[in-house]
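To start, the structure under review is shown below, and the notes come after it.
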Amino acid sequence: SDVGSQKKRVVTEEEWLQKWEMGNIGFHKEQGHPLLQKYLDVLLNGRSGLRIFFPLCGKAVEMKWLADMGHSVVGVEVSEQAVKEFFSEHSLPYCEEAVPEVSGAKMFQSTSGNISLYCCSIYDLSSSIIGKFDGVWDRGALVAVNPCDRQRYASLMINLVDKNSSYLLVTVSYDPNKHKGPPFYVPESEVKSLFG
Ligand code: SAH
């Protein structure tokens with residue numbers, strides 16, 4: 001499995017914003033992801049009232065699922081359109097505020113307070129801004145990160161999780177010479193070297 005063909009590929013933030021504008025969002029799953037249902041027990045591990053992080057969240061409906069179960073959800077997404085569509089498609093009232101630590105960033109929070117979506121690049125955040133998490137749902141996130149940024153992404157994610165956290169990661173397997181990505185092919189050996 002030669003991943004060399006994808007190593008240099010870069011998708012800019014502008015291109016992601018364009019995908020949202022054009023409705024070019026084939027990655028979005030209206031019905032949510034069956035693997036979250038399947039491995040929910042692993043994520044929760046018998047715990048309630050968790051803080052769960054959704055990196056590169058888009059308008060993932062799983063954020064609503066987990067909030068409805070009583071957890072507190074934090075997401076980050078560069079597209080403000082995606083964030084607003086999330087709240088409007090679930091008929092959730094929200095308020096909007098600036099993030100003092102990050103110039104230009106905004107935080108959109110459900111009025112009930114249990115869903116907070118940061119609109120900025122994930123690389124602008126750190127645990128001093130958003131705290132640490134008990135659980136992570138990483139679907140369309142590590143595989144959407146540019147290959148050259150994977151190490152930085154993984155280090156940040158490690159910084160964002162608490163000691164006893166659970167991290168669910170969804171990757172895709174295919175011949176990287178046949179598709180340019182995203183989603184990028186991240187072999188299991190690389191997942192191991194990134195996260196230990
Ligand atoms: N996890 C979501 C979306 C996957 S697509 C889902 O499962 O449906 C990847 C998303 O990451 C896109 O919505 C894109 O706009 C966003 N994105 C890309 N680069 C980003 C970055 N550096 N910081 C935050 N969001 C980013």
Side-chain angles (χ1 to χ4, degrees), residues 6 8-40 43 52-67 71 73-90 99 101-108 115-127 129-130 133 135-161 167-174 179-186 191 194:
Q6 293 187 337
K8 294 207 165 74
R9 175 145 160 77
V10 170
V11 179
T12 63
E13 283 181 21
E14 195 49 49
E15 288 174 273
W16 281 110
L17 299 184
Q18 273 163 18
K19 285 182 201 278
W20 280 99
E21 268 164 44
M22 307 295 289
N24 202 348
I25 53 163
F27 50 81
H28 177 67
K29 276 186 157 358
E30 209 71 61
Q31 302 304 318
H33 207 294
L35 285 172
L36 180 56
Q37 279 162 320
K38 185 169 176 194
Y39 291 103
L40 185 63
L43 182 65
I52 301 184
F53 186 50
F54 280 67
L56 283 65
C57 61
K59 54 174 180 177
V61 301
E62 298 86 347
M63 297 193 284
K64 178 73 166 43
W65 295 357
L66 287 161
H71 304 291
V73 168
V74 175
V76 58
E77 167 58 52
V78 280
S79 165
E80 182 168 328
Q81 180 186 338
V83 169
K84 288 184 166 165
E85 285 180 11
F86 172 80
F87 287 113
S88 68
E89 286 171 15
H90 296 282
V99 181
E101 298 91 339
V102 185
S103 87
K106 286 187 213 165
M107 197 265 274
F108 295 79
I115 304 179
S116 305
L117 305 185
Y118 286 80
C119 188
C120 60
S121 171
I122 191 168
Y123 305 114
D124 293 331
L125 298 178
S126 64
S127 58
I129 304 170
I130 56 172
F133 295 91
V136 176
W137 172 245
D138 183 323
R139 184 268 171 179
L142 174 66
V143 298
V145 160
N146 290 318
C148 58
D149 294 326
R150 263 177 214 158
Q151 185 63 63
R152 183 181 182 196
Y153 173 82
S155 304
L156 174 58
M157 294 307 292
I158 291 166
N159 173 255
L160 289 176
V161 293
Y167 192 121
L168 293 185
L169 170 66
V170 184
T171 61
V172 284
S173 186
Y174 65 87
H179 175 64
K180 62 188 165 88
F184 297 110
Y185 172 55
V186 186
V191 171
L194 288 169

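In listed order, ligands and their atoms are each counted from 1. Note that the numbering runs from 1 along the sequence shown for the chain. Heavy-atom basis, side chains included; hydrogens, waters and symmetry copies ignored.
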field: Value rounded to 0.5 Å, distance of NE2 in H90 from NZ in K64
entry: 7.0 Å
task: Measure from NZ or CZ of R9 to the centre of the six-membered ring of F184, then state whether that distance is under 6.0 Å and the direction lies within 45° of the axis.
output: no
query: Where is the tightest heavy-atom contact between V10 and E15, given as atom of each residue plus distance?
result: O-OE1, 3.8 Å
message: Within a 6.0 Å radius of atom OH on Y167, are there more than 12 heavy atoms belonging to other residues, nucleotides or ligands?
response: yes
Tabulating one pair per line, provide the atom names and distances (0.1 Å) for every N/O atom of ligand 1 that is less than 3.5 Å from a protein N/O atom.
| from | atom 1 | to | atom 2 | distance (Å) |
| --- | --- | --- | --- | --- |
| ligand 1 | 1 (N) | L56 | O | 2.8 |
| ligand 1 | 1 (N) | R139 | O | 2.7 |
| ligand 1 | 7 (O) | R139 | O | 3.3 |
| ligand 1 | 7 (O) | R139 | NH1 | 2.8 |
| ligand 1 | 8 (O) | R139 | NH1 | 3.3 |
| ligand 1 | 13 (O) | W20 | NE1 | 2.9 |
| ligand 1 | 13 (O) | E77 | OE1 | 2.8 |
| ligand 1 | 13 (O) | E77 | OE2 | 3.3 |
| ligand 1 | 15 (O) | W20 | NE1 | 3.3 |
| ligand 1 | 15 (O) | E77 | OE2 | 2.7 |
| ligand 1 | 22 (N) | S121 | OG | 3.2 |
| ligand 1 | 23 (N) | I122 | N | 2.9 |
| ligand 1 | 25 (N) | V78 | N | 3.2 |

message: Looking at every non-hydrogen atom in both residues, tell me the closest pair between I122 and M157 and how far apart they are.
response: CD1-SD, 4.1 Å
message: Just so I know, are the side chains of L194 and I158 near enough to count as touching, which here means a heavy-atom distance under 4.5 Å?
response: no
